[in-house]
Amino acid sequence: GIPATAQAYSLNVTVAPHGQLAYLTLWPSGMAQPHVSTLNSFEGNVVANAALVPAGQNGAVSVYATNPTDVILDINGYFDSASGDSFYPVQPCRVEDTRHPNGPLGGPAFSVGETRNIPVPASPCGLPATASAYSMNATVVPNGYLGFLTTWAAGQPQPFASTLNSWTGKVVANAAIVPAGANGATSVYVTNRTDVILDANGYFATPSSTGALTFYPVVPCRVADTRQGDDGPEMAAGTTRSFGIPASGCGIPSSAAAYALNITVVPDGPLSFLTAWPTGSPRPFVSTLNSFDGTVVANAAIVTAGTDGAVSVYVTNQTHVILDINGYFA
């Protein structure tokens, strides 16, 4: 039911590789394949990642995979210049963490096959009850095998789609644009026992308030890669670095107020977490991705533009960082 007038899609792409998968790339059909990646699975595990992908020729998107793999595409929304809601960024904020039973919207952990409604407007993040959807980052800390986690609008039937997977039982994060349901709540379902962490970085609502932003898709482009001389060196443990997005050569205007990014880490060993946020603001108590086993990991993120249009990245451990962009809000 996606209209032909859609300019870009909010997708979740999952790979079930037949072995090692160096990378998969999504981009608008009819254009040359860009020098970016959407996700990686060097260990051959099932991996999912969110992506805002511009619509290409006849409304199609192209998918390239370096190695044999099954590919699953789920959609949770689209961007259309003719109508629709605007985006309102917020300072990244923790909505829920089931590891802390006494905190706001805390525990206990999810049990096997449990569905739970999360009253997002009741969180301390200041998200309004008028929001039609939320821009979130979901992280799981499973007790073992986790078939999948799914998020959707509370009060609606559970969709035949997944948000993330952790078949090896490791900590996994994935971005998601989740519609608001009954009383502004979102539903979360898990196949197996796990703790769930939800962080928010913005919401969608009617374009009638100050600060309303519109999405402008761009051909996916590499903003920074610390493996390359101009963007290096590798980030050291416990350090923060700012990346000037408008100065990257990707044609992003200085008027951009937020960016649709894909962040990839190539760590030297275990990486507890990486956090991205607007430069000039205090580092928020959220995480963007994790790699406790030291594998290459990618995750999408909508990050507000900070001082001089830059975004800051903090890493707990030594790692290379790659930033790709596929659109901006202004």
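Between S187 and N117, the side chains place a donor N or O and an acceptor N or O closer than 3.5 Å (distance only, hydrogens not considered). A donor-acceptor contact closer than 3.5 angstrom is absent between the side chains of N67 and Q20. For the residue pair N12 and N174, a side-chain donor N or O sits within less than 3.5 Å of a side-chain acceptor on the partner. Between the side chains of S135 and N201, at least one donor N or O lies within less than 3.5 Å of an accepting N or O. Inspection of the K170 and T295 side chains reveals an N or O donor paired with an N or O acceptor under 3.5 Å. A side-chain N or O of N76 and one of S10 form a donor-acceptor pair less than 3.5 Å apart. T163 and T151 are linked by a side-chain donor-acceptor pair at a separation below 3.5 angstrom, with hydrogens and angles left out of the test. For the residue pair D80 / T5, a side-chain donor-acceptor distance below 3.5 Å is found, with atom types taken as modelled.
For CG of N143, the number of neighbouring non-hydrogen atoms (other residues, nucleotides, ligands) closer than 6.0 Å is greater than 12. Few gaps surround OH on Y145; more than 12 heavy atoms of other groups in view lie less than 6.0 Å from it. Counting heavy atoms of neighbouring residues, nucleotides and ligands inside a 6.0 Å radius, atom CG of N183 does not exceed 12 of them.
At a threshold of 4.0 Å, the pair R99-D195 does not count as salt-bridged, since none of the basic side-chain nitrogens sits closer than that to a carboxylate oxygen. The pair E96-R94 does not meet the salt-bridge criterion, since no charged nitrogen lies less than 4.0 angstrom from a carboxylate oxygen.
For R193 and F110, the positive end is not near the middle of the six-membered ring at less than 6.0 Å and at most 45° from its axis.
Partners of N317 under the side-chain hydrogen bond (donor to acceptor under 3.5 Å, both in side chains) rule, at least two apart in sequence or in another chain, do not exist in this structure. In this structure N165 satisfies the side-chain hydrogen bond (donor to acceptor under 3.5 Å, both in side chains) test with no other residue, sequence neighbours excluded.
A 4.5 Å side-chain heavy-atom check between N290 and V297 finds every atom pair outside the cut-off. Between L274 and V321 the shortest side-chain heavy-atom distance falls below 4.5 Å. Using a 4.5 Å heavy-atom cutoff, the side chains of W167 and L146 are not in contact. A 4.5 Å side-chain heavy-atom check between R283 and W277 finds at least one atom pair inside the cut-off. Residues P128 and Y88 have side chains not in contact (no heavy-atom distance under 4.5 Å, counting atoms from C-beta outward). Side-chain contact between V90 and L127 is present, with at least one heavy-atom pair separated by less than 4.5 Å. For the pair T275/V313, no side-chain contact is recorded, criterion being any heavy-atom separation below 4.5 Å from C-beta on. Considering only heavy atoms from C-beta on, L105 comes within 4.5 Å of S123 through its side chain.
Relative orientation of the F329 and F215 rings is tilted, given thresholds of 30° and 60° on the angle between their planes.
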Full working for side-chain contact (heavy atoms from CB on, under 4.5 Å) between F87 and D85: CA-CA 7 Å; F87 179 66; D85 292 334; over 6 Å; no

Start with the C-alpha gap between T38 and W27, add the side-chain angles, then the distance that decides, and say whether side-chain contact (heavy atoms from CB on, under 4.5 Å) holds. CA-CA 9 Å; T38 305; W27 76 97; over 6 Å; no

Are L24 and V63 close enough, and set up right, to give a side-chain contact (heavy atoms from CB on, under 4.5 Å), and what steps lead you there? CA-CA 7 Å; L24 174 145; V63 179; 3.6 Å; yes

Could you walk me through whether Y23 and F42 pass ring-ring contact (aromatic ring centres under 6.0 Å, His included), step by step? CA-CA 8 Å; Y23 66 90; F42 285 101; 8.7 Å; no

As a quick check of understanding, evaluate side-chain contact (heavy atoms from CB on, under 4.5 Å) for V188 and L149, giving each step before the final call. CA-CA 7 Å; V188 176; L149 173 147; 3.8 Å; yes

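In terms of heavy-atom proximity, V266 sits nearest to E234 at O-OE2, 4.4 Å. Across all non-hydrogen atoms, the minimal contact from P54 to V61 is O-CG1, 3.8 Å. Nearest heavy atom pair, residue P119 against residue A185, reads CA-CB, 4.1 Å. For P89 against G211, the heavy-atom pair with the smallest separation is CD-O, 4.5 Å. For the residue pair A175 and N137, the shortest heavy atom distance occurs at N-OD1, 3.5 Å. When all heavy atoms of A305 and A256 are compared, the closest pair comes out as CB-O, 3.6 Å.
Between the side chain of N192 and the main chain of G147, a donor-acceptor pair closer than 3.5 Å is present. In this structure, the side chain of D308 does not engage the main chain of A310 through any donor-acceptor pair within 3.5 Å. Side-chain atoms of T288 come within 3.5 Å of backbone atoms of A276 as a donor-acceptor pair (strictly under, hydrogens ignored).
Atom CZ of F204 and atom OH of Y134 lie 12.5 Å apart (nearest 0.5 Å). To the nearest 0.5 Å, the span separating OH on Y9 from CZ on F79 amounts to 12.5 Å. N58 contributes atom CG, which lies 8.5 Å from atom OG of S29 (distance to the nearest 0.5 angstrom). A distance of 8.5 Å separates CG in L213 from OG1 in T304, rounded to the nearest 0.5 Å. For the atom pair CZ (R222) and CD1 (I322), the distance works out to 5.0 Å, reported to the nearest 0.5 Å. Q158 CD to W152 CH2: the interatomic distance, rounded to the nearest 0.5 Å, is 4.0 Å.
Residues V141 and F292 share a single hydrophobic cluster, defined by chaining ILVMFWY side chains whose heavy atoms lie under 4.5 Å apart. Hydrophobic clustering of Ile, Leu, Val, Met, Phe, Trp and Tyr side chains at less than 4.5 Å, counting indirect connections, unites V71 with I2. No path of Ile, Leu, Val, Met, Phe, Trp and Tyr side chains, each step under 4.5 Å between heavy atoms, connects L52 with V36, placing them in separate hydrophobic clusters. Linking ILVMFWY side-chain heavy atoms closer than 4.5 Å, directly or via other members, places L164 and V112 in two distinct hydrophobic clusters. One hydrophobic cluster, built from ILVMFWY side chains closer than 4.5 Å, cannot hold both V315 and V172; they sit in different ones.
Between D324 and the options S37, C221, P220, a side chain to side chain contact (heavy atoms under 4.5 Å, CB included) holds for only S37. Applying the side chain to side chain contact (heavy atoms under 4.5 Å, CB included) test between N40 and each of T264, L21, V47 identifies T264 as the sole match.
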Distance-only donor-acceptor hits, side chain of residues 238-249, under 3.5 Å, sequence neighbours excluded:
unit_1, atom_1, unit_2, atom_2, d
T239, OG1, A236, N, 3.4
T239, OG1, A236, O, 2.6
R241, NH1, D231, O, 3.4
R241, NH1, P233, O, 2.7
R241, NH2, P233, O, 3.0
S242, OG, T279, OG1, 3.3
S242, OG, S312, OG, 3.2
S248, OG, I245, O, 2.7
S248, OG, C250, N, 3.3

